[in-house]
Protein chains: 2
Amino acid sequence: MMTLTEENYLKALHRLSQTEEAITVKRIALQLGIKMPTVTSMVKNLAGKKFIRYEKYKAIQLTEKGRRQALLILRKHRLTELFLKDVMGLGWEEVHDIAEQIEHIQSDRFFNRIDEMLGHPKFDPHGEPIPDADGKLPFFKAFPLSGCEAGKKYKLTGVLDHDASFLTYLNTLGLTLGSTIEVMTLHGFDRSMEVLLNGKVRTVFSFTICQHLLVI
Amino acid sequence: MMTLTEENYLKALHRLSQTEEAITVKRIALQLGIKMPTVTSMVKNLAGKKFIRYEKYKAIQLTEKGRRQALLILRKHRLTELFLKDVMGLGWEEVHDIAEQIEHIQSDRFFNRIDEMLGHPKFDPHGEPIPDADGKLPFFKAFPLSGCEAGKKYKLTGVLDHDASFLTYLNTLGLTLGSTIEVMTLHGFDRSMEVLLNGKVRTVFSFTICQHLLVI
DNA sequence: TAAATTTGTTAGATTAATCTAACTTTTTAA
DNA sequence: TTAAAAAGTTAGATTAATCTAACAAATTTA
Ligand SMILES: [Mn+2]
Ligand SMILES: [Mn+2]
Ligand SMILES: [Mn+2]
Ligand SMILES: [Mn+2]
């Protein structure tokens, strides 16, 4: 009943709702790589179906129905990613693009079976929380490495950039979820940091990289 | 590059090409449950892309390019069905509908991994041959039970009806690929037959059922 | 073989998803 | 506080996939 396009809008809406800024037509257009008038018309469509609240020129909000629907799609995406990695042996850098397609498959049986095979997992290969069948998210706390202190040791629990190039770079450093990251030195001028990975590999992370690594 | 709709037309075209009758607009429309004018316009589109040969009012033919493409989609469909059954533990009666969706996923990596995990299988859960990555089909011989003789024993190697209701019925008889079917009596009046299944279960098969069971 | 039936095509409309161009509202900044 | 810039909307076009109605060709039947 929902088209693939509508599902992708809901995912984008949900993602945008997780930041402080208001959800605007501009941000949706940027997120999806389409033009603003296209967004305006789809936003009217989604409002008609009660997935969002929308008034001309005002900020857009997901309704409870919309949020729920978005979380169910995220559930399918993240379960798929973990399945591709843990059952099918693909790397964390190659699962996202396939999951972007499989998340639109309509079959409770298929995804419930994946969930069972994986033992009802709580986190995907990038450390993202997997909503349960009711759309409830597991509790989790983690913060970006960019806010960490020198001299302390952290554990990698998630990545915020799913790009294959970024994750492949982490692979070359032997960095996976669970790896330790010790912050050796903090450079104020560009906010880069010298780090020791898994007690073995020494390198420098730019601020951008640090923003994309979640640790506890 | 190919839309989902185009892929479904190619599959239908391939299926129709496997009978003796010519491929006509009418038959395509019937197969896909759409109207003839819709078919005419898509047929022109596919001809423009060299997947078929088409001249007004003449029979339609798949080109080598079209046939190849169709076989690659069938490969994805059948690999998926076997994966759903053998890896994910679904029943042969529930895999088809899910495979109809997953066959359109664009990822060589995904399907090659499925192929590997299954050990490069040659037949799907319904006994249909799986084309290899070059579109080549395995050799296989099998004939419908409807052409069999009384007093002889056969082995079930395939089913021609993928409907969940039909396959669920076979489940209740304990009939799976590899089961033995002994033809006890042939009834001329309605071409039904009395059969003994796996040396245990005795029942009667209508002619229609017999047409849908492939044996050797 | 001519009429009736079936099959196929054309023309034109519809819906979803997109675009560009032009206009309007809101926000920012001089 | 008004002018400029940014953001948003409307109008109208486009493409893919579908439909119905009307017409045309091919096939079957009388
Ligand atoms: Mn992802
Ligand atoms: Mn992920
Ligand atoms: Mn099938
Ligand atoms: Mn099959």
Side-chain angles (χ1 to χ4, degrees), chain A residues 1-13 15-17 19-62 66 69-70 73 100-101 103-104 106, chain B residues 1-17 19-62 66 69-70 73 100-101 103-106:
Chain A
M1 322 147 309
M2 292 209 80
T3 67
L4 182 145
T5 306
E6 288 170 334
E7 291 197 339
N8 284 334
Y9 271 85
L10 280 196
K11 268 204 311 171
L13 259 332
R15 161 169 294 206
L16 293 174
S17 77
T19 64
E20 306 90 56
E21 298 122 85
I23 305 179
T24 61
V25 168
K26 186 84 189 298
R27 290 182 75 211
I28 300 169
L30 269 157
Q31 177 76 43
L32 294 173
I34 57 184
K35 304 296 178 178
M36 286 198 295
T38 309
V39 172
T40 299
S41 78
M42 178 55 86
V43 143
K44 285 176 180 174
N45 168 42
L46 291 173
K49 295 177 176 169
K50 308 287 184 202
F51 289 117
I52 59 178
R53 272 181 292 276
Y54 167 68
E55 278 182 274
K56 268 192 189 182
Y57 302 111
K58 298 266 176 68
I60 293 154
Q61 292 175 328
L62 275 176
Q69 195 59 42
I73 302 161
E100 284 287 316
Q101 301 178 64
E103 71 191 5
H104 301 291
Q106 311 268 291
Chain B
M1 323 124 298
M2 291 208 80
T3 66
L4 182 146
T5 306
E6 287 170 335
E7 291 197 340
N8 284 335
Y9 271 85
L10 280 194
K11 269 204 312 171
L13 261 329
H14 181 267
R15 161 169 292 206
L16 294 173
S17 78
T19 63
E20 308 89 55
E21 298 122 85
I23 304 180
T24 62
V25 169
K26 186 85 190 297
R27 291 182 74 211
I28 300 170
L30 238 57
Q31 177 76 43
L32 294 174
I34 56 183
K35 305 295 178 180
M36 286 198 295
T38 308
V39 172
T40 299
S41 78
M42 179 54 87
V43 143
K44 286 175 180 173
N45 168 42
L46 292 173
K49 294 177 176 170
K50 309 288 184 201
F51 289 116
I52 58 178
R53 272 181 292 277
Y54 167 68
E55 278 181 276
K56 268 190 189 183
Y57 301 111
K58 299 267 176 66
I60 293 154
Q61 291 175 328
L62 274 176
Q69 195 60 42
I73 302 161
E100 284 286 316
Q101 301 178 64
E103 70 191 5
H104 302 291
I105 300 291
Q106 311 266 285

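For the numbers below, each heavy atom of this structure counts, side chains included, while hydrogens, waters and symmetry mates do not. Since this is a predicted model, take the numbers as computed values, not measurements.
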Participant: Taking atom P of D/dT15 as reference, at what distance in whole Å does atom CD of B/E6 sit?
Facilitator: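 Rounded to the whole Å, the gap is 15 Å.
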Participant: May I have the distance from B/I34 (atom CD1) to C/dT9 (atom C1'), rounded to whole angstrom?
Facilitator: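 Rounding to the nearest Å, CD1 of B/I34 and C1' of C/dT9 are 15 Å apart.
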Participant: Are A/T3 and C/dA16 close enough that a side-chain N or O sits under 4.0 Å from OP1 or OP2?
Facilitator: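 It does not, given that no N or O in the side chain of A/T3 lies less than 4.0 Å from OP1 or OP2 of C/dA16.
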Participant: Knowing that exactly one of B/Q31, B/E100, B/Q69 qualifies, which makes a side-chain hydrogen bond (donor to acceptor under 3.5 Å, both in side chains) with B/K11?
Facilitator: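 Considering B/Q31, B/E100, B/Q69, a side-chain hydrogen bond (donor to acceptor under 3.5 Å, both in side chains) with B/K11 is found only for B/E100.
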Participant: Locate the shortest heavy-atom distance separating B/L32 from B/A12; write the atom from each residue and the value.
Facilitator: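 Smallest interatomic distance, heavy atoms only, reads CD2-CB, 3.8 Å.
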Participant: Which residues satisfy the side chain to side chain contact (heavy atoms under 4.5 Å, CB included) test with A/H104, sequence neighbours excluded?
Facilitator: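 Side chain to side chain contact (heavy atoms under 4.5 Å, CB included) check on A/H104 returns A/L4, A/E7, A/N8.
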Participant: Taking OP1 and OP2 of D/dA16, is either one under 4.0 Å from a side-chain nitrogen or oxygen of B/Y9?
Facilitator: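 For B/Y9, the contact criterion (side-chain N or O under 4.0 Å from OP1 or OP2 of D/dA16) is not met.
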Participant: In whole Å, I'd like the distance from the NZ atom of A/K35 to the P atom of C/dA22.
Facilitator: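 Distance check: A/K35 NZ to C/dA22 P gives 16 Å.
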Participant: Please report, rounded to the nearest Å, how far the P atom of D/dA17 is from the CD atom of B/E7.
Facilitator: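 Atom-to-atom, B/E7 to D/dA17, this comes out as 11 Å.
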Participant: C/dA16 P sits how many Å from A/M1 CE, rounded?
Facilitator: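 One finds 15 Å between P of C/dA16 and CE of A/M1, rounded.
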Participant: Using a cutoff of under 3.5 Å, can you pull out all pairs of nitrogen or oxygen atoms linking the protein to nucleotides 1-11 of chain D, with atom names and distances?
Facilitator:
residue, atom, partner, partner atom, Å
D/dA7, OP2, A/K26, NZ, 2.7
D/dG8, OP2, A/K26, N, 2.7
D/dT9, OP1, A/Y54, OH, 2.2
D/dT9, OP1, A/Y57, N, 3.2
D/dT9, OP2, A/T40, OG1, 2.8
D/dT10, OP1, A/K56, NZ, 2.8
D/dT10, OP2, A/K44, NZ, 2.2

Participant: Could you go through B/H14 and B/I73, starting from their C-alpha distance and side-chain angles, then the distance that decides it, and tell me whether this counts as side chain to side chain contact (heavy atoms under 4.5 Å, CB included)?
Facilitator: CA-CA 10 Å; B/H14 181 267; B/I73 302 161; over 6 Å; no
Participant: If I take atom NZ from residue B/K58 and atom CZ from residue B/R53, how far apart are they, to the nearest 0.5 angstrom?
Facilitator: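 The NZ atom of B/K58 sits 13.0 Å away from the CZ atom of B/R53.
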Participant: Rounded to the nearest angstrom, tell me the gap between atom CE in B/M42 and atom P in D/dT18.
Facilitator: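 So the CE-P distance, B/M42 to D/dT18, works out to 6 Å.
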Participant: Can you measure from CD (B/E21) to OG1 (B/T19) and round to the nearest 0.5 angstrom?
Facilitator: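 The distance works out to 4.5 Å.
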Participant: To the nearest 0.5 Å, what is the distance between CG (B/L13) and CG (B/L62)?
Facilitator: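 Taking CG in B/L13 and CG in B/L62, the distance rounds to 4.5 Å.
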Participant: Nearest whole angstrom, please: distance from the P of C/dG8 to the CD1 of B/I60.
Facilitator: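 Between P of C/dG8 and CD1 of B/I60: 8 Å.
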Participant: Looking at every non-hydrogen atom in both residues, tell me the closest pair between A/E6 and A/T3 and how far apart they are.
Facilitator: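 For A/E6 versus A/T3, the nearest heavy atoms are OE1-N, 2.9 Å.
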Participant: Would you mind telling me which of B/I34, B/I60, B/T38 makes a side chain to side chain contact (heavy atoms under 4.5 Å, CB included) with B/I28?
Facilitator: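 Result: among B/I34, B/I60, B/T38, B/I60 is the only option passing the side chain to side chain contact (heavy atoms under 4.5 Å, CB included) with B/I28.
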Participant: Just how far, in rounded Å, is P of C/dA17 from CG of A/N45?
Facilitator: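 Between P of C/dA17 and CG of A/N45: 7 Å.
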Participant: For D/dC19, does either OP1 or OP2 sit under 4.0 Å from a side-chain N or O belonging to B/T38?
Facilitator: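 For B/T38, the contact criterion (side-chain N or O under 4.0 Å from OP1 or OP2 of D/dC19) is met.
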Participant: State, to the nearest 10°, the angle formed by the axis through the first five base pairs of the helix from C/dT1-D/dA30 to C/dA30-D/dT1 and the axis through its last five.
Facilitator: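 The angle separating the two end axes equals 10°.
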